[in-house]
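Inspection log for the structure reproduced underneath, given as structure tokens.
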Amino acid sequence: MGKISISIALLLVIVLAAVIVAAAVSALITYSVHKKSVEKKIGNAEDKAREILDEALKNAEAKKREGLLEVKEESIKAKNELDREIKDRRAEAQRFERRVQLKEETVEKKLDQLEKREQSLTAREEDLAKKKEVISKLNEQRLQELERISGLTSEQAKDYLLKIVEDDVKHETAVLIKEMENKAKEEADKKAKEYVISAIQKCAADHVSEAAISVVQLPSDEMKGRIIGREGRNIKTLETMTGVELIIDDTPEAVVLSGFDPIRREIARIALERLIVDGRIHPARIEESVEKARKEVETVMKEEGEAACLDVGVHGIHPELVRLLGKMKFRTSYGQNMLRHSVEVAQLCGLLAAELGLDVRVAKRAGLLHDIGKAVDHEMEGSHVQLGTELCRKYKESATVINAVEAHHGDVEPTSLIACIVQAADAISAARPGARRETLETYTTRLKQLEDISNSFKGVDKSFAIQAGREIRVMVVPEQITDDDMVLLARDISKKIEDELEYPGQIKVSVIRESRVVDYAK
């Protein structure tokens, strides 16, 4: 048993040794194979690297050769261009040299000709000097002979001839001037008619007719009692706050607002309409409504003024003048709305100025502002012309605009064509059909009344109502009225007109005393 165990153990040792040896051999074989494979791969990689390097070197050499060729080509091209440019410049320099040579030759020829001409002129001058001496001697002899024959000295004869020529020239000049003046007047009349007709045709204006009172419609006649209030306190508050008289009569469902100031009448109308819509009518509510209406009217005036300026294309007007323009929306003259009238006059002025080649913007500005005084003539003393002139001066308008405002009714002489254009445009706007509500009969009656009042005074020869009844000119008998009496007469006529006539604005009374002396040459 013991021997068997030893044999088995020995066998196991042998087997184990054989396995170990086999494993070692296998490992060596595997390592050897792997090493050979790795070495083979490394060899292949080195071969590929050498091939890549060889290819890169070949490409680099090719690129280098191509670059060198391109550089050579560029250098050859640049050299050729430079040679061509040098050649062209040499050719141009040669041409320039030839031109210079030709010019030098031409100048030399001209110098030779000038020298010859100078010599010829010198000879002629010497010849002329000799001839002048001979002519001078002959003239002296002629003058001496003429003085001997006429019995006059040369100075006396010269004065006589000059006087005759001067008289003839004066006569011919006077005749020519007269002909030119007549022709100019004919042309001026013709052109003026063309310009005015053209401006009238181009100006499209609305026919305006506005009432002097305002009417507020009521939902029912019961509202009249609420407007009057207990013991009339509501109507009294409204009249006190607005300065407008409320006429509540038998007219169904209507209240009439009567007032001299159109702004106050408009404020009263807006306030009353709001109170009627609200239904709460009492003194506190009336005061609140009137204040709101006043602010609303102020806003409307500003917006209307700005719209008028925008409509005619006039910019840069002082904000206060813009507000006053808007205020004219509520001002009428014989039924014609003054804001619309001013816009119409501005447009007409622009058309006329364009026809005459004048400054259209200044003409429109003067036309728009010509009646600006009517915006304040209810509040301040003076005619609308005076007030408008003062406003334009106050707000730094140009001298041309101020003169146009001052002269548009002939109170002063116009100093520019624009002022004359404003006069014409104002007359066109006021005279067109439908512009003003006053009838011809009413107008002529008022003018006749003015003249009758003036003619009723002692010493008055005749009188003339002009400027649409805004001025009365009174001619007096100089033997009956002295210069001192003229002052009293003007004052008496003004007082009588104030007492007997109703008229808008002011009426200017001009008393004229003229002395004439007449004699006859027989």
Side-chain angles (χ1 to χ4, degrees), residues 195 199 202-206 208 263 295-331 333 336-380 382-409 411-430:
Y195 293 158
K202 290 178 181 177
C203 180
D206 298 331
V208 180
I263 304 293
K295 291 179 180 178
E296 183 178 334
V297 169
E298 284 290 331
T299 303
V300 169
M301 288 191 296
K302 182 180 178 183
E303 291 175 352
E304 288 292 332
E306 291 172 350
C309 294
L310 187 63
D311 191 16
V312 298
V314 175
H315 308 288
I317 296 179
H318 193 279
E320 182 61 23
L321 289 180
V322 174
R323 190 186 75 84
L324 292 176
L325 278 173
K327 190 175 181 181
M328 290 168 66
K329 171 183 171 63
F330 306 103
R331 173 74 159 84
S333 178
Q336 186 179 29
N337 183 281
M338 283 293 95
L339 180 58
R340 292 296 96 201
H341 168 66
S342 297
V343 171
E344 185 178 340
V345 171
Q347 291 170 341
L348 286 167
C349 287
L351 293 170
L352 290 170
E355 293 286 348
L356 294 171
L358 303 175
D359 192 329
V360 175
R361 290 177 298 178
V362 175
K364 284 186 175 182
R365 194 183 192 96
L368 187 63
L369 296 176
H370 82 284
D371 268 345
I372 193 69
K374 288 187 177 180
V376 294
D377 61 351
H378 289 313
E379 307 163 5
M380 302 169 65
S383 68
H384 76 279
V385 175
Q386 296 170 345
L387 296 173
T389 304
E390 291 172 4
L391 286 170
C392 289
R393 285 201 181 100
K394 180 179 178 182
Y395 295 111
K396 310 298 182 185
E397 288 295 326
S398 66
T400 303
V401 173
I402 292 171
N403 176 253
V405 173
E406 197 172 11
H408 79 275
H409 282 313
D411 293 336
V412 299
E413 289 295 324
T415 59
S416 65
L417 282 175
I418 288 178
C420 298
I421 287 175
V422 172
Q423 289 179 343
D426 185 37
I428 293 169
S429 175

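None of these values were measured; they are calculated from a predicted model. Hydrogens, waters and symmetry mates are skipped; everything else that's a heavy atom, side chains included, is used.
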_Going by the rule side chain to side chain contact (heavy atoms under 4.5 Å, CB included), which residues pair with Ala366 if we only count those two or more places apart in sequence or in a different chain?_
Val401, Ala404, Ile418, Val422
*What distance separates Ile372 CD1 from Met328 CE, expressed to the nearest 0.5 Å?*
5.5 Å
_Would you compute the distance between atom CE of Met338 and atom NZ of Lys329 and round it to the nearest 0.5 angstrom?_
13.5 Å
*Within-4.5 Å side-chain heavy-atom neighbours: Met301 and Leu324*: no
_Looking at Arg323, I'd like to know if its CZ atom is crowded, meaning that more than 12 non-hydrogen atoms belonging to other residues, nucleotides or ligands lie closer than 6.0 Å._
yes
*Begin from the C-alpha positions of Leu325 and Glu306 and carry the test side-chain contact (heavy atoms from CB on, under 4.5 Å) through to its verdict.*
CA-CA 8 Å; Leu325 278 173; Glu306 291 172 350; over 6 Å; no
*asked:* Quick check: closest heavy atoms across Cys349 and Gly367, and the distance to 0.1 Å?
replied: SG-CA, 3.9 Å
*If you look at every heavy atom in Val322 and Cys309, which pair is closest and at what distance?*
CG2-SG, 4.2 Å
_Could you measure the distance from the CD atom of Gln347 to the CG atom of Leu368? Nearest 0.5 Å is fine._
9.5 Å
*asked:* Tell me the closest heavy-atom pair linking Gly326 and Glu304, and the distance in Å.
replied: CA-CB, 4.0 Å
*asked:* Rounded at 0.5 Å granularity, tell me how far CG in Leu356 sits from CG in Leu417.
replied: 6.5 Å
*For Thr389 and Val385, work out which heavy atoms get closest and say how close.*
OG1-O, 2.8 Å
*Leu351 and Glu355: CA distance, side-chain angles, deciding distance, side-chain contact (heavy atoms from CB on, under 4.5 Å) verdict*: CA-CA 6 Å; Leu351 293 170; Glu355 293 286 348; 5.7 Å; no
*Test His408 against His384 for side-chain contact (heavy atoms from CB on, under 4.5 Å), laying out the working first.*
CA-CA 11 Å; His408 79 275; His384 76 279; 3.4 Å; yes
May I have the list of side-chain donor-acceptor pairs in residues 390-397 shorter than 3.5 Å, sequence neighbours left out?
unit_1, atom_1, unit_2, atom_2, d
Glu397, OE1, Arg365, NE, 2.7
Glu397, OE2, Arg365, NH2, 3.3

*Which value, rounded to the nearest 0.5 Å, describes the distance between Leu348 atom CG and Lys364 atom NZ?*
11.0 Å
*Taking every non-hydrogen atom, the tightest pair across Ala308 and Leu339*: CB-CD1, 3.8 Å
*Could you give the distance from SG (Cys420) to CD (Glu413), rounded to the nearest 0.5 Å?*
9.0 Å
*Looking only at non-hydrogen atoms, find the nearest pair between Val405 and Leu369 and report the distance.*
CG2-O, 3.6 Å
_Would you say the ring centers of His409 and His370 fall short of 6.0 Å from each other?_
no
*Taking Gln423 for the side chain and Ala407 for the main chain, is one N or O donor matched with an acceptor at less than 3.5 Å?*
yes
*Flag the pair Glu298 and Lys295 as a salt bridge only when some basic side-chain nitrogen lies within less than 4.0 angstrom of an acidic carboxylate oxygen.*
no
